[in-house]
> 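Would you mind keeping the following structure in view while I ask a few things?
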Protein chains: 2
Amino acid sequence: MAVNAGETEQYLGIAEVAERTGLTQNTLRWYEREGMFPRVLRGTDRRRRYTERQVGLLRLLTRLRRTGMPTREMRRFSELLADGATTHGQRLELLTAHRERILARQAELRADLEALDDKVAHYHWLIEQGLDCSGAPINAETDTDNGGQ
Amino acid sequence: MAVNAGETEQYLGIAEVAERTGLTQNTLRWYEREGMFPRVLRGTDRRRRYTERQVGLLRLLTRLRRTGMPTREMRRFSELLADGATTHGQRLELLTAHRERILARQAELRADLEALDDKVAHYHWLIEQGLDCSGAPINAETDTDNGGQ
DNA sequence: GTTTGTCTTCGCGTGCACTCCAATTCCTAA
DNA sequence: TTAGGAATTGGAGTGCACGCGAAGACAAAC
């Protein structure tokens, strides 16, 4: 430990950032190499020194990725960041477009969950009817179930 | 067309099933080959003949996959189907476990969407303050933004 | 009876998002 | 001064879920 022993203490080493963001060290390096994250400042020992602000950005990126944003869009976002305050509009555009995808995904999930619930209810019903526990009655072909609707 | 010309008409060709399930023909064949779907009956010409019931099952499998079920679990489910009515309990178990995952995913999505909304609001505010459109004022370093709370 | 078109099987190829590795560098502790 | 341990780099490998193309079979159309 004590990555920031001889320095300002306000900078974070990669190990701590990994722990705080849930990303692995490998992923952090890979994001940076591939341009998904702006270049991180290095100390005199060539090691990465993250700021609190950058950890915040990583948390945002984690959420974007987890909600299905492809890496090339994260890259695009990172480029816009590097271009400074003149790109706020474009960043907003990118984020709102992604927001729409999340909403669509939520609707899809809801519908899929509902269908699954119907199926679960159906199985509960079947079991209550005694159609389980190796007392297989009537027909026992390959497609004995997956009922109607 | 006319896959079921010389036969009972109640069977469906792979093309129609692909269209009705949203899966490609490749995926349908692959599911079957890899055991994610029970063996499909063949006609005299060796081609697949699906039943309406199987289309229903495919729709369920599509929902399971779309909601993140790994293929080995779909395989497991398919095996249970082949074992007939004695496995209703195990199928129910598998489906309810997956249901829990969907609920967790929904909660995660909600939280991520909320964070994104905060971010979007932040950018709206920034732009209203005039911090856009190449009139970059104050500081224009690499990390000029992504503010904490 | 040849063409056209759709299907078959088998197996290699692809895209994405990491993940791991080897060789090296640097700081700290003994 | 030496050893240990954590971090660095570039590049190769992995797992998942398909995608795709070749070679051949068969039915209906011409």
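Just so it is clear, the values below take in all heavy atoms, side chains as well, and ignore hydrogens, waters and symmetry mates. Numbered from 1 within each chain, the chains take letters A, B, ... in sequence-line order.
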> Specify the separation, in whole Å, of atom CD of Glu34(B) and atom P of dT9(C).
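Checked: the CD to P distance equals 13 Å.
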> Do the side-chain N or O atoms of Arg33(A) get closer than 4.0 angstrom to the phosphate oxygens (OP1, OP2) of dT8(D)?
no
> Quick check on dA17(D): is either OP1 or OP2 less than 4.0 Å from any side-chain nitrogen or oxygen of Thr27(B)?
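Result: no.
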> Want to settle it: does Arg42(A) or Arg65(B) sit nearer the 5' end of DNA chain D, counting the closest nucleotide to each?
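The residue whose closest nucleotide sits nearer the 5' end is Arg42(A).
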> Any idea which of dC20(C), dC20(D), dC18(D) is nearest the Asn26(A) side chain?
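Output: dC20(C).
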> Measure from CG on Asp45(A) to P on dG5(D) and round the result to the nearest Å.
19 Å
> Given dA17(D), is OP1 or OP2 found less than 4.0 Å from the side-chain N or O atoms of Thr71(B)?
yes
> In whole angstrom, what separates Ile14(B)'s CD1 from dT8(C)'s C1'?
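Whole-Å distance recorded here is 9 Å.
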> Measure CD/Glu32(A) against P/dG10(D) and give the value in whole Å, please.
10 Å
> Would you say Thr24(B) places a side-chain N or O within less than 4.0 Å of OP1 or OP2 belonging to dG19(D)?
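Yes.
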> Please determine if a side-chain N or O atom of Arg49(A) lies less than 4.0 Å away from the OP1 or OP2 oxygen of dA7(D).
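The answer is no; no side-chain N or O of Arg49(A) sits under 4.0 Å from OP1 or OP2.
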> Counting only heavy atoms from other residues, nucleotides and ligands, does the tally under 6.0 Å from CD of Glu114(B) exceed 12?
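12 or below, so no.
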> Taking OP1 and OP2 of dT24(C), is either one under 4.0 Å from a side-chain nitrogen or oxygen of Arg46(A)?
no
> Check the phosphate of dA17(D) against Tyr31(B), side-chain N and O only, distance under 4.0 Å to OP1 or OP2. Yes or no?
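No, no such contact exists.
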> Using atom CH2 of Trp30(A) as one end and atom C1' of dT9(D) as the other, report the distance to the nearest whole Å.
17 Å
> Establish, from distance only, whether the side-chain atoms of Arg29(A) and Gln25(A) form a donor-acceptor pair under 3.5 Å.
yes
> Counting just side-chain N and O atoms, does Arg48(B) come under 4.0 Å of either OP1 or OP2 of dT8(C)?
yes
> Round to a whole Å and report the spacing from CZ of Arg75(A) to C1' of dC16(C).
11 Å
> So does Arg72(A) get a side-chain nitrogen or oxygen closer than 4.0 Å to the phosphate oxygens (OP1/OP2) of dC16(C)?
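So the side-chain polar atoms of Arg72(A) do come within 4.0 Å of the phosphate oxygens OP1 or OP2 of dC16(C), strictly under.
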> Would you call the rings of Phe77(A) and Tyr123(B) parallel, tilted or perpendicular, where under 30° means parallel and over 60° means perpendicular?
perpendicular
> Side-chain donor or acceptor of Arg29(B) under 3.5 Å from a matching atom on the base of dT8(C)?
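Not at all, since no donor on one side and acceptor on the other fall under 3.5 Å apart.
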> Give the rounded distance in Å between these two atoms: CZ of Arg39(A) and P of dT8(D).
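To the nearest whole Å, that distance equals 10 Å.
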> Between Arg72(A) and Glu79(A), does a salt bridge (Lys or Arg N to Asp or Glu O under 4.0 Å) hold up when you go through it step by step?
CA-CA 10 Å; Arg72(A) 68 179 164 292; Glu79(A) 286 165 7; over 6 Å; no
> Crowded around Glu108(B) CD? As in, over 12 foreign heavy atoms under 6.0 Å?
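Yes, CD of Glu108(B) has more than 12 neighbouring heavy atoms, counting only those of other groups under 6.0 Å.
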> Between P on dA17(D) and CG on Leu61(B), what's the gap in Å once rounded to a whole number?
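Atom CG in Leu61(B) sits about 13 Å away from atom P in dA17(D).
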